[in-house]
Amino acid sequence: GRTDNAYTLLVQEKYPSWRYSVNMGATTVWEHWDGINEKGEVWSEKMNSFKHYAYGSCAAWLYRTVCGIRYVEAFPAYESFILCPKADKRLGFAAARLDTPNGTIRSEWYIEGETVRYLFSVPKGAVATLKLGREVEILTEGEHTRYSRLK
């Protein structure tokens with residue numbers, strides 16, 4: 001529920017963050033945010049995996065929260081799904097695509113000044129419930145563009 005904190009962990013470069021490990025040379029997901037510290041020392045010889053899924057949920061968060069593509073269990077194969085992206089000026093834009101049996105779901109957003117431009121694709125035969133702030137709208141198959149004020 002703290003999207004603002006999650007965005008901070010995504011975009012900041014100092015410890016703790018996703019980018020800290022990348023800046024320290026990581027090419028995989030580490031078990032600890034500080035698997036190697038700024039002095040180049042290993043956090044622990046006994047418990048320090050450099051191929052660990054502990055923080056691998058970031059990709060799921062990017063799809064489900066940043067781009068807002070959410071599965072509805074009652075509807076198999078994304079026949080009905082939710083779109084509720086959470087834009088943040090620090091990122092500037094985000095885009096996700098998900099291939100389903102009926103076609104591709106797309107959710108993108110772009111910050112343009114104080115406005116957010118959203119682009120959505122709903123596959124043939126599918127229905128999406130769009131939630132932007134307090135606004136709720138049903139989208140049917142096709143391409144859709146919406147705008148909102150940045151909060």
Restricting to non-hydrogen atoms, name the atom on Val72 and the atom on Ser80 that form the minimum distance, rounded to 0.1 Å. CB-O, 3.7 Å
OG of Ser107 to OH of Tyr63: how many Å apart, nearest 0.5 Å? 10.5 Å
Give the cluster check for Leu150 versus Trp109: same hydrophobic cluster or not, with ILVMFWY residues linked at side-chain heavy-atom distances below 4.5 Å. yes
Flag the pair Trp18 / Gln12 as yes when at least one side-chain heavy-atom distance between them is below 4.5 Å, and no otherwise. no
State whether the number of non-hydrogen atoms from other residues, nucleotides or ligands found under 6.0 Å of Glu137 atom CD is greater than 12. yes
One should read off an interatomic distance between Asp4 CG and Leu9 CG, to the nearest 0.5 angstrom, of 10.0 Å
Arg97 vs Ser121, test: side chain to side chain donor-acceptor pair (under 3.5 Å). Steps then yes/no. CA-CA 9 Å; Arg97 288 174 170 72; Ser121 295; over 6 Å; no
For atom CZ of Phe93, decide whether the heavy atoms of other residues, nucleotides or ligands shown that lie under 6.0 angstrom number more than 12. no
Under the side chain to side chain contact (heavy atoms under 4.5 Å, CB included) rule, what do Thr104 and Leu98 come out as? Steps first, then yes or no, please. CA-CA 6 Å; Thr104 302; Leu98 180 64; over 6 Å; no
Common cluster, Val127/Tyr78, ILVMFWY with side-chain heavy-atom separation under 4.5 Å: no
Just wondering, are more than 12 heavy atoms of other shown residues or ligands nearer than 6.0 Å to CD in Glu143? yes
Are Arg117 and Tyr147 in a cation-pi setup, meaning NZ or CZ lies under 6.0 angstrom from the ring centre and within 45 degrees of the ring axis? no
State yes or no: do Val22 and Ile36 share one hydrophobic cluster built from I, L, V, M, F, W and Y residues joined by side-chain heavy-atom distances below 4.5 Å, directly or via other members? no
Is there a side-chain contact between Phe120 and Pro85 in this structure, where contact means two heavy atoms from C-beta onward sitting under 4.5 Å apart? yes
For Arg64, does the CZ atom sit with more than 12 other heavy atoms under 6.0 Å from it, leaving out its own atoms? no
Using 0.5 Å steps for rounding, measure from the NZ atom of Lys124 to the OG1 atom of Thr100. 13.0 Å
Please report the C-alpha distance between Leu130 and Val136 in whole Å, then the side-chain angles of each, then the deciding distance to 0.1 Å, and finally whether the side chain to side chain contact (heavy atoms under 4.5 Å, CB included) criterion is met. CA-CA 6 Å; Leu130 175 61; Val136 177; over 6 Å; no
When the ring centroid of Phe75 is compared with that of Phe81, is the distance short of 6.0 Å? no
Option passing side-chain contact (heavy atoms from CB on, under 4.5 Å) with Leu83 (candidates Leu139, Leu132, Thr129): Leu139
Examine the side chains of Tyr110 and Glu108 and answer whether a donor and an acceptor come within less than 3.5 Å of each other. yes
One should read off an interatomic distance between Met24 CE and Asn37 CG, to the nearest 0.5 angstrom, of 6.5 Å
Do the side chain of Arg19 and the main chain of Val11 share a donor and acceptor less than 3.5 angstrom apart? yes
Side-chain heavy atoms of Leu62 within contact of Leu10, under 4.5 Å: yes
4.5 Å side-chain heavy-atom contact, Glu141 and Pro123: no
Ile82, Trp61: one ILVMFWY side-chain cluster at the under-4.5 Å cut-off? no
Could you walk me through whether Val122 and His144 satisfy the side chain to side chain contact (heavy atoms under 4.5 Å, CB included) test, starting with their C-alpha distance in whole Å, then the side-chain angles of each, then the deciding distance to 0.1 Å, before giving a yes or no? CA-CA 8 Å; Val122 178; His144 306 273; 4.0 Å; yes
Tyr7 vs Val66, test: side chain to side chain contact (heavy atoms under 4.5 Å, CB included). Steps then yes/no. CA-CA 9 Å; Tyr7 264 109; Val66 173; 3.4 Å; yes
Given the rule in the salt bridge (charged side-chain N to carboxylate O under 4.0 Å, His left out) test, do Glu114 and Lys89 qualify, once you have shown the distances and angles that lead to the verdict? CA-CA 9 Å; Glu114 294 303 313; Lys89 195 170 194 168; 2.8 Å; yes
